[in-house]
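In the text below, chain A, chain B and the rest are named by the order of the sequence lines, each starting its count at 1. Bear in mind that the values here come from a model prediction, so they are computed numbers and not experimental data.
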There are 2 protein chains.
Amino acid sequence: MANDIPDIVIGRLPIYLRALVYMDEEGDKVTTSSQELGSRLGISSAQIRKDLSHFGEFGKQGTGYHIKYLIEQLRQILHLEHDWPVVLVGAGYLGHALAHYQGFKHRGFHINWIFDNNPDKIGIQMNNMEVRDIRELDDLVRREEVQMAIIAVPASAAQNIADMLVEAGIKSILSYAPINLKAPAGVQVRYSDPVILLQRMTYYLEP
Amino acid sequence: MANDIPDIVIGRLPIYLRALVYMDEEGDKVTTSSQELGSRLGISSAQIRKDLSHFGEFGKQGTGYHIKYLIEQLRQILHLEHDWPVVLVGAGYLGHALAHYQGFKHRGFHINWIFDNNPDKIGIQMNNMEVRDIRELDDLVRREEVQMAIIAVPASAAQNIADMLVEAGIKSILSYAPINLKAPAGVQVRYSDPVILLQRMTYYLEP
DNA sequence: TAGATTGTTAATCGATTAACAATC
DNA sequence: TAGATTGTTAATCGATTAACAATC
């Protein structure tokens, strides 16, 4: 990770951005306040102001934040001004869902390639992309200088795939496999495991 | 949320549990240490011992933790001794993937019902379940006393579905819709939005 | 102007870590 | 026994919040 802004702050910026985009689409106002944004998100207004203050002064006393302007600034901060190409590994049920998910494109990500190792999968079409042989992964990632990847393979294959991705030059991995991956410093790994989230909630439930 | 154990601690327990289960399946040893577990997960050994100490004393000086015993204890703490039935709302690509995901069952969750509002979807089979009419949701959740739900519908429909779920008695919601949901106190909501995770990583990348 | 809201400071709150006596 | 590792305490570190001068 790079400089001295806490990662937990970085983690909230996409949440702010998402809420601001909805506000903008609602179209009923031009500005918002840390108060309003906070109450939408269940976050204190002080925290929002503090978070933003790490990057500059984006508001005006008395009137708050110009929604479109703040969106633009957040996109700049998060490096979302240009789209990011992404490779997807795994063409099972989940890979299929991800390949068809419409939410990536307009939020800055393009899943341009899908890979699998299963001969039955290789060559078939998914959302107008052809599933490629995993053996072509390294070449492609290098040639296209892809930096981001999504892993949607079984846990048993995930570390192997992660190693291949790192070797090819991938710098950020989002993994759906329910296992902790080893990656060298300088390579980010984030996880999405629904079971982990469900298990975190059952603690608070009466069986 | 219930008592005085920090939620951030609760959030790590499923991670510990998952790693311990893998260790157990590898079958090459009977005990582990906070050190070993920590180095697998990139967490300090002190933190693991501290987290566990909120719930009791599970280890032995000199030898560490008996893997199977600690697994059992964590399952008890997280209320995973009995399986949890879960309703899934949304039979699109993502709902389809979730319905077929094999990772739920052996980790304590059973997706037993799928709902949708699309007449073209209602009645079709998904992994041996019939997609039901969303209008039957309320009755079913009440009758079966289901406490957990997964939302896999578009953002535009998500708040509506969340309201229906809460009204029917659902206490924990895992939402894949890219939007912040309002829910009353006493109802937990957790989110899984891949774009939020990707956007958090692009900050650290050179465009 | 009066009211609203920012950006920032200092105080508070909470989480993580280092260290070690206890003990297996 | 000697070595290893726990559970816990106290210290450190970091994040959140309250408060307010500045100012639109």
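Residues from residues 9-25 of chain B placing a heavy atom under 4.0 Å of any atom in DNA chain C, listed by number, are B:R12. A heavy-atom distance below 4.0 Å to DNA chain D is reached by these residues of residues 34-64 of chain A, ordered by number: A:S44, A:A46, A:Q47, A:R49, A:K50, A:K60, A:Q61, A:G62.
Base pairing in DNA chain D gives the following stems of 3 or more Watson-Crick or G-U pairs, range against range and under 3.5 Å: C:3-24 with D:3-24.
Nucleotides of DNA chain C with any atom under 4.0 Å from a heavy atom of chain B span, from 5' to 3', C:dA15 to C:dC24.
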From CA spacing to verdict: salt bridge (Lys or Arg N to Asp or Glu O under 4.0 Å), B:R143, B:E136: CA-CA 11 Å; B:R143 189 170 66 244; B:E136 297 166 19; over 6 Å; no
Test side chain to side chain donor-acceptor pair (under 3.5 Å) applied to B:N127 and B:Y101, step by step: CA-CA 9 Å; B:N127 199 18; B:Y101 182 50; over 6 Å; no
Pair A:H96-B:Y93, ring-ring contact (aromatic ring centres under 6.0 Å, His included): steps then yes or no: CA-CA 7 Å; A:H96 184 251; B:Y93 290 115; 5.3 Å; yes
Steps toward side chain to side chain contact (heavy atoms under 4.5 Å, CB included) verdict (A:V21, A:Y16): CA-CA 9 Å; A:V21 169; A:Y16 300 163; over 6 Å; no
Criterion side chain to side chain donor-acceptor pair (under 3.5 Å) on B:R18 and A:N180, from CA distance to verdict: CA-CA 9 Å; B:R18 192 175 67 182; A:N180 252 74; 3.1 Å; yes
Audit row: A:T31, A:T63, side chain to side chain donor-acceptor pair (under 3.5 Å) steps and yes/no: CA-CA 7 Å; A:T31 61; A:T63 56; over 6 Å; no
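Minimum interatomic distance between B:P14 and A:Q199 (heavy atoms only, all atoms of both residues): CB-OE1, 3.4 Å.
In this structure, the side chain of B:Y204 does not engage the main chain of A:V187 through any donor-acceptor pair within 3.5 Å.
Taking the side-chain hydrogen bond (donor to acceptor under 3.5 Å, both in side chains) definition, one finds that B:K60 meets it with nothing, sequence neighbours left out.
Between B:S53 and B:R49, the side chains place no donor N or O within less than 3.5 Å of an acceptor N or O (distance only, hydrogens not considered). Counting only N and O atoms by type, the side chains of B:D163 and B:Q159 include a donor and acceptor under 3.5 Å apart.
The list of salt bridge (charged side-chain N to carboxylate O under 4.0 Å, His left out) pairs with a residue in residues 88-110 of chain B, not counting sequence neighbours, reads A:D193-B:R107.
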